[in-house]
Amino acid sequence: MSPSTQQGRGVVFVDGIRTPFGKAGAKGIYAETRADDLVVKAIRELLRRNPQLPPERIDEVAVAATTQTGDQGLTIGRTSAILAGLPETVPGFAIDRMCAGAMTAVTTTASGIGFGQYDVVVAGGVEHMGRHPMGEGADPNPRFLADKLVDPSALVMGNTAENLHDRFPTITKERTDAYAVASQNKYEAAKKAGFIADTLVPVATRSAAGWGLATEDEPPRPGTTVEDLAALKTPFRPAGRITAGNAAGLNDGATAAILAGEDTAKELGLPVAMRMVGFAYQGVDPAVMGIGPVPATEKLLARTGLKIEDIGLFEINEAFAVQVLAFLEHFGIADDDPRVNQWGGAIACGHPLASSGVRLMTQLARQFAQRPDVRYGLTTMCIGLGMGGTVIWENPLHADYEAGVA
């Protein structure tokens, strides 16, 4: 079926790229690398891979960061555009929606394309959690707690994940550990098949030991077993269920993508990896922020007229395994459904907060290229302070795809 959308210009995802993701901290691969240099590297690689795009045709650069200070501050969309060597006529801005920063950079600029005010944009995100831990320098208004606007646990993401376990008693720690092991295994299989390397740009690094070259993700733990995870501590609650093994870690990394009007892509000879069908964001109780993808997806399905059965590929951000399983359980999807996170997810490769949305999109675009039988795919993620975001995409290789038809 064709989804129902607002009349407007078709928006396409041309290409996406990311740096390898590193472990945050003094021993991580990016300990001595600036955050803005990471996103600059991603932007430059996009332009190298797409030489048919004249840099002066880029109408906007939107770059997200959750902690907008230091080398992630100073309107990083504009500064990264300048540092990447784009013409001074190319504007840029910074954006923040915590974990969904890059996703919001994409949907915000896509809206401008659909409205006819942009032709080509670059959108992405960066997070250097080693230099800038989540919440660094933040000063939450005391009324949040004094007026009981949110539960105290809402300000600690691990606590919200424990709360989600409470809401879904059928999602046991054993299930989340098994899901986490599967994520590691799927990631390792995709890496060995060469699928991950195609999405990465190597990054020169510096440390006390000298210069290096980051060519692959640092966080994965191949060979992890359920028995390994069962022995880990539960830092957020005594005898809890959230561990370092069934959650994404603290990471550094950057992503960037090119989006364009469908007509502009044709004019410039840019590839069309997928077309945006629609997007939705939804707020939820901040104390169970991990449930956010459920109402966001329901909202978008209702808006487009599609059903969950129409979605042939899912890229769900794995902030916590329980959050993914809550989504799957709600929609009646099995924990090991082959449509879900085919190449593993953030539990394996990492989750540098504001950058992750474009990682999901980049992987979905590559999977579309392998699966012309799949027409629709979905990228979704939970968002700190109680939100969810979902974007549905269409595969241009599918037999029913019609260029220029929304």
Side-chain angles (χ1 to χ4, degrees), residues 3 10-18 21 42 46 49 99-100 102-107 110 123-125 183 186-187 189-191 193-200 217 253 255-260 262 265 270-280 293 296-297 300-301 304 306 308-319 324 327-328 331 333 337-351 355-382 388-398 401:
V11 180
V12 298
F13 186 98
V14 171
D15 196 9
I17 198 71
R18 68 178 177 91
F21 288 168
L46 276 180
R49 292 191 181 197
C99 301
M103 176 179 279
T104 305
V106 166
T107 57
S183 180
K186 288 189 288 185
Y187 174 89
K191 178 183 173 183
F195 301 152
I196 303 298
D198 183 55
T199 68
L200 304 179
D217 295 316
T255 60
I258 297 171
L259 292 100
E262 199 163 18
L270 294 171
V272 174
M274 52 188 186
R275 179 169 59 196
M276 183 179 290
V277 174
F279 65 87
T297 300
L300 184 53
L301 292 173
T304 60
L306 293 171
I308 200 70
E309 294 79 16
D310 296 316
I311 307 302
L313 289 169
F314 295 82
E315 279 294 316
I316 307 172
N317 193 46
E318 297 172 354
V324 179
F327 178 93
L328 299 181
F331 287 107
I333 300 171
D337 191 301
R339 297 173 297 169
V340 177
N341 291 7
Q342 290 193 335
W343 298 353
I347 289 173
C349 70
H351 174 31
S355 70
S356 288
V358 164
R359 178 189 68 81
L360 302 176
M361 297 170 190
T362 299
Q363 293 193 176
L364 179 63
R366 301 298 201 281
Q367 292 164 13
F368 271 168
Q370 298 175 357
R371 296 287 306 277
D373 59 306
V374 172
R375 184 172 184 183
Y376 297 113
L378 178 149
T379 55
T380 189
M381 60 200 316
C382 62
T390 300
V391 188
I392 292 177
W393 303 88
E394 185 178 11
N395 187 353
L397 299 179
H398 191 272
Y401 180 89

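What you see is a predicted model, and the numbers here were worked out from it, not measured in a lab. For the numbers below, each heavy atom of this structure counts, side chains included, while hydrogens, waters and symmetry mates do not. The chain is numbered in sequence order, starting from 1.
- Panel note: side chain T199, backbone I17; no donor-acceptor pair is recorded below 3.5 Å.
- Panel note: side chain T255, backbone R18; no donor-acceptor pair is recorded below 3.5 Å.
- Contact annotation: the side chain of N341 never approaches that of Y187 to less than 4.5 Å [non-hydrogen atoms, C-beta and beyond].
- To the nearest 0.5 Å, atom OH of residue Y376 and atom CE of residue M274 are 14.5 Å apart.
- To the nearest 0.5 Å, atoms CD (E318) and SG (C349) are separated by 8.0 Å.
- Residues N395 and D373 have side chains not in contact (no heavy-atom distance under 4.5 Å, counting atoms from C-beta outward).
- Contact check for M103 versus F279: no side-chain heavy atoms found under the 4.5 Å cut-off.
- The two residues E262 and V12 come nearest to each other via the heavy atoms CG-CG1, 3.9 Å.
- L301 contributes atom CG, which lies 8.0 Å from atom OG1 of T390 (distance to the nearest 0.5 angstrom).
- Rounded to the nearest 0.5 angstrom, R275 CZ and L259 CG are separated by 13.5 Å.
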Intermediate values then yes/no, side chain to side chain contact (heavy atoms under 4.5 Å, CB included), S356 and M381 | CA-CA 9 Å; S356 288; M381 60 200 316; 4.1 Å; yes
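- Interatomic distance, CG of D310 versus CG of L378, reported as 11.5 Å (0.5 Å rounding).
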Apply side chain to side chain contact (heavy atoms under 4.5 Å, CB included) to the pair L200 and F21, showing each step before the final yes or no.
-> CA-CA 9 Å; L200 304 179; F21 288 168; over 6 Å; no
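- The two residues P396 and A273 come nearest to each other via the heavy atoms CD-O, 3.2 Å.
- Ion pairing of D15 with R49 is absent here, as no side-chain N (NZ or NE/NH1/NH2) approaches a carboxylate O to less than 4.0 Å.
- Counting heavy atoms from C-beta outward, F314 and I333 have side chains that approach closer than 4.5 Å.
- Nearest heavy-atom pair, L360 versus I316, reported as atom, atom and distance to 0.1 Å: CD2-C, 4.2 Å.
- In this structure, R359 and N317 have side chains that are in contact, with non-hydrogen atoms separated by less than 4.5 Å.
- For the pair A260 and V14, the tightest heavy-atom approach, listed with the atom from each and the gap, is CB-CG2, 4.0 Å.
- V106 is not listed as a side-chain neighbour of V391, based on a closest heavy-atom distance of 4.5 Å or more.
- Taking both residues in full, the closest heavy atoms of L397 and F368 are given as CD1-O, 3.9 Å, listed atom of the first, atom of the second, then distance.
- Distance CZ/R371 to NE2/H398: 10.5 Å, rounded to 0.5 Å.
- Using a 4.5 Å cut-off on side-chain heavy atoms (C-beta onward), V277 and R375 make no contact.
- Of the possible donor and acceptor atoms, one in the side chain of K186 sits under 3.5 Å from a partner among the backbone N and O of V340.
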Take Q363 and L313, measure what side chain to side chain contact (heavy atoms under 4.5 Å, CB included) needs, and give me the verdict at the end.
-> CA-CA 10 Å; Q363 293 193 176; L313 289 169; over 6 Å; no
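- Contact annotation: the side chain of R366 approaches that of W343 to within less than 4.5 Å [non-hydrogen atoms, C-beta and beyond].
- Heavy atoms only, all atoms of each residue included: R339 and G312 are closest at CG-O, 3.3 Å.
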